[in-house]
Structure formats: C-alpha cells, structure tokens
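Labels below follow one simple rule: chain letters A, B, ... track the order of the sequence lines, proteins then strands, and each chain is numbered from 1.
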Protein chains: 2
Amino acid sequence: MAAREQRQVTSDAGLTKQRVVAEAIKLADREGVEGLSMRQLARELGAGAMSLYHYVPNREKLLDAMIDIVFEEIELPPEGTDWQSAMRRSSVSARQVFARHPWAIGLMDSRTSPGSAHLRHREAVTACLRRAGFSVLMATHANWLLDSVVYGYALQEANLPFDTADEFADMAEDVYLPQLPPGEFPYLNESAAALVTAGYDPAEEFIFGLDLALAALEPLRDPA
Amino acid sequence: MAAREQRQVTSDAGLTKQRVVAEAIKLADREGVEGLSMRQLARELGAGAMSLYHYVPNREKLLDAMIDIVFEEIELPPEGTDWQSAMRRSSVSARQVFARHPWAIGLMDSRTSPGSAHLRHREAVTACLRRAGFSVLMATHANWLLDSVVYGYALQEANLPFDTADEFADMAEDVYLPQLPPGEFPYLNESAAALVTAGYDPAEEFIFGLDLALAALEPLRDPA
DNA sequence: CGTACTATCGTACGTCGTACGATAGAGTGT
DNA sequence: ACACTCTATCGTACGACGTACGATAGTACG
C-alpha cells in the first residue's frame, strides 16, 4: 500500500506495456541503449525490476517493441500529392525520428523480423510507389534505395561528434582540423575547412541526397 | 610453463594487439558483438581475461580497433579509371566487407571518432571525387550520398531474416508470405510474391541503387 | 646479485538479465 | 463468511559481465 502510494508519486498510474515501452524509449533517448537496464527502467517507473516481466517477456522483446513505437512515429506518405512530395515528406519525417532516437538505428541490425508499425510503413510506401506507376520490381528497388538513404544518413549523423551546425563551427578549428593535417589528409582538410565557412547542416545534407534519389527514380516509372 | 605450453596449443604465439583484435573480429563474426566478451575472447586466445588489458585499454577501445581493421579491408578507389568505375569498385568492396562483418554496421553509431583506416578511406574517396571534377562542397555531398548507399544497404541486408537468395525462395512461401495477408498488406504481399518468382539477390539490389546514385551525381561535376 | 620493467593473471566488486517462488489483493462461487 | 483462483508485484539468488587492484614470474641490465 505504502509502496503503491510511492509508486504513484513518481509515476501516478499502474504499469502497462505502453507505459513500460514509452519510459524505456525516454530512458534510451537520455542515456543510450547501454544505459537502458531493466533495473534502471523499473526505478524510473517506481517499480521493482521483476515487475517489468509481466509486460515484456525479456529485454530483447522490449527493444523490439521500442523500435516498433519508433516506426509508429514516422509519418506515412500522404495520398493526394505527387509521389515525390509524398515520399519526401515521409522520408524527412523518418530522418527526424531517427535523429530524435539515435539508438534506434544501431538497434535495427540485430532485429530481423519487422514489427507491425514497420510493416504498415512499408506497405504505405509501396502503395505510394505502385500508384505512382512503378512496377512491382521497380517499387522494390525504389523502396530499398529510399530506405538506404534514410538509414544511411541517419547512421552517419549518429556518428558525428557534434549535434548542430553551430557546434561544428565552434569545435572545427580547434579540434577537428588539427586531426586532419594537410600533409596526410590534404583533401579532407580542404573539405573540413570549406565546411567551416560554408556552414554545415546534416538536415540539408540529407535533403540533397534524398532529392537526387527521387529525381533519379522519376524516369523509371511506367507512364501513368 | 605448462600454461604457456597449453596456450601455444590453442594459439601458438605470444599475444599482440593485432592478434587480440583479429581474434575478436573472428569471434564477433561467429557470435555477434553480444557474444564477444573479454572472458570468451581470452579463452579463445588461451589466455586469462585480464591479460587482454595489456593490449587494449578496455572493451570499447577494442571495438574501435575492430572497426578500424574492418575499414582497412575496404578497397580504396583505384586511380587511373573514370571516377564512376573507381567509386563503384570501392563501394562494392565496402558492401562485401560489411556483409562479412555484419556487427560492424550496428557498432558504428556509437563510435563518434573515426579511426585512421576510416580517415584514410575517406581521404582516398574525396581525392577521387575532387580529381573527377567535383567541387569541394559537391564532393562532400557525393561522399555522404555514396556512404549512405553503402551503409543503408548494408544495414538493411543485416536485417534480412535470410542470407541468400535460395534461402529466401525456400522460406518465402511457407513463412514470409503468410505474415503478409493480402487483405492487410496487399502491396507487400504482391511484392514478396513477385520476388519469389523473380529471385532475390541483395548484391544486385545494391548495385541498382549504387549505379543510380553514381549516374545522378555525374552531371554535378564541373567540366574537366 | 640486485633492481627495474614487462607480461601474465587470480581475486574481487558492482552490475547486468532473469529464473524461481513468495505474497498480497481482487474477483468469484458457495 | 469462506475458500478458491487469478493477476500483479517483487525479494532473492545465480551466473556472466567489465574491469580495478595487486601479486607473480620472467627478462634485461646495472
């Protein structure tokens, strides 16, 4: 009873699978996946560690569930516009989601069966492409390519040692450029120096690649 | 002395950083990163767990070193051909390497500072692009896009629940198609069915996306 | 024959995922 | 009222993990 009251102080509701998974995502956003332990998560929820196992069979399944919630956050390609606008919108949304949950990208490669939100997303994307006049096989190609662009940029972005363009500009001259001596890395040094003056925005970088891919796919549609 | 003899039976040489890292990669290839523990790795080397710490400061640094060896395996873009052939060759090599070491992709997102092999690779790629007539900024764009294609396809490939085209064909009808009922996922069902008959090769899928990206970048070069 | 240095590793601590079983409350039938 | 079952909660404990600390033994050099 006292325990329940204390639980209510920190979390003010009974445990549910949704609450467990949602809190796990919050925790992973804050601390990374390595910082997400069952004990810590339980503490966050004001519960005992073993209580979680009534809502989630084990940590792996919890991670699966977290990934699927992440996919739920991705906007589906809207109907009623041209396919490029629709796919751009969905892809931009996906990139934002993965930027918000950087742990999700690294988690994906060990999880081999897609969750239901993932499947729903894929279905909507495929529908959009097919309706735009891509053949079945070409829609598959386009799907792979566009997903690669999203995942690839998200992965590279997660690797960056800085988060914003400003942060990059701040640290570039003192920290990054010295690691790229012109003798050993003339081209990288030149690039880094140019980026300092030009500014640097991963989101714009992504749009460049995405639009190039979309434009390259355009002529591969069958005539509508 | 007896211990040393036994060590020599299983590993026949003194410990070195190279040997430790190489064995760690072999172990990760076999068991995945989660299966790579310091104790297991030491056992594999016929040594005590703590002995590893004379060659590697901790597990994180070991993972960094492993990633860098992986980058060393990637072929650099050769000089003396057109830029597209050179980049295609290097990218295909990179995809093969990541297919051989699937754990490497998932590891990258937590490692923020590139190792020396990674830097050397980026330098060579940038050099290739700059010599082909891309401006400094355009070379950066191209670099991001091409890396995204490599990482993105590698990541998706690592997610596939099957490894080869044959294995897909074997399991598709019994396992995958039933998970995609035509009522709920008409388009995905159609795609999967088409892929069963058309055959399915991730390597070809990659080439499609890569060549599309290369072709899309071609007109962005400055005149040579 | 010391004296210093390097490589090896045994032990121990704190943390992890989680199996097992205890408990307590709620619901239901009599 | 009581017995029963069901659900949710969690304390305890086990084996594996990364690794700090300090002991040891072998080698190099004065």
Checking C:dC9, D:dC10, C:dT18 against the side chain of A:A49 (C-beta onward), the nearest is C:dT18

State which of D:dT19, D:dA8, D:dC10 makes the closest approach to the side chain of B:R59. D:dT19

Starting at [atom1] of [X] and ending at [atom2] of [N], how long is that distance when rounded to a whole Å?
X	N	atom1	atom2	answer
A:L15	D:dA8	CG	C1'	9 Å
A:N58	C:dC16	CG	C1'	14 Å
B:L45	C:dC9	CG	C1'	14 Å
A:L52	C:dG17	CG	C1'	11 Å
B:Y53	D:dA20	OH	C1'	10 Å
B:E60	D:dC17	CD	P	16 Å
A:R43	D:dC10	CZ	C1'	14 Å
B:K61	D:dG18	NZ	C1'	16 Å

For B:M50 and A:P57, find the nucleotide of DNA chain C closest to each by heavy atoms; which residue's nucleotide sits nearer the 5' end? B:M50

Classify the side-chain pair [X]/[Y] by whether it contains a donor and acceptor separated by less than 3.5 Å.
X	Y	answer
B:H118	B:D68	no
B:S93	B:R89	no
B:R95	B:S91	no

Residues in residues 27-39 of chain B with a heavy atom under 4.0 Å of DNA chain D, by number, are B:L36, B:S37, B:M38, B:R39

Any donor-acceptor pair under 3.5 Å from A:T112 side chain to B:L160 backbone: no

Scan the side chains in residues 175-193 of chain A for donor-acceptor partners under 3.5 Å anywhere in the protein, sequence neighbours excluded, and list what turns up.
residue, atom, partner, partner atom, Å
A:N189, ND2, A:L180, O, 2.6
A:E190, OE1, B:R130, NE, 3.1
A:E190, OE2, B:R130, NH2, 3.0
A:S191, OG, A:Y187, O, 3.3

By side chain to side chain donor-acceptor pair (under 3.5 Å), B:E205 pairs with (sequence neighbours left out) A:H141

Within the pair A:S51 and D:dA8, is there a side-chain N or O less than 4.0 Å away from OP1 or OP2? no

Neighbour count above 12 (heavy atom, 6.0 Å) for B:E31 CD: yes

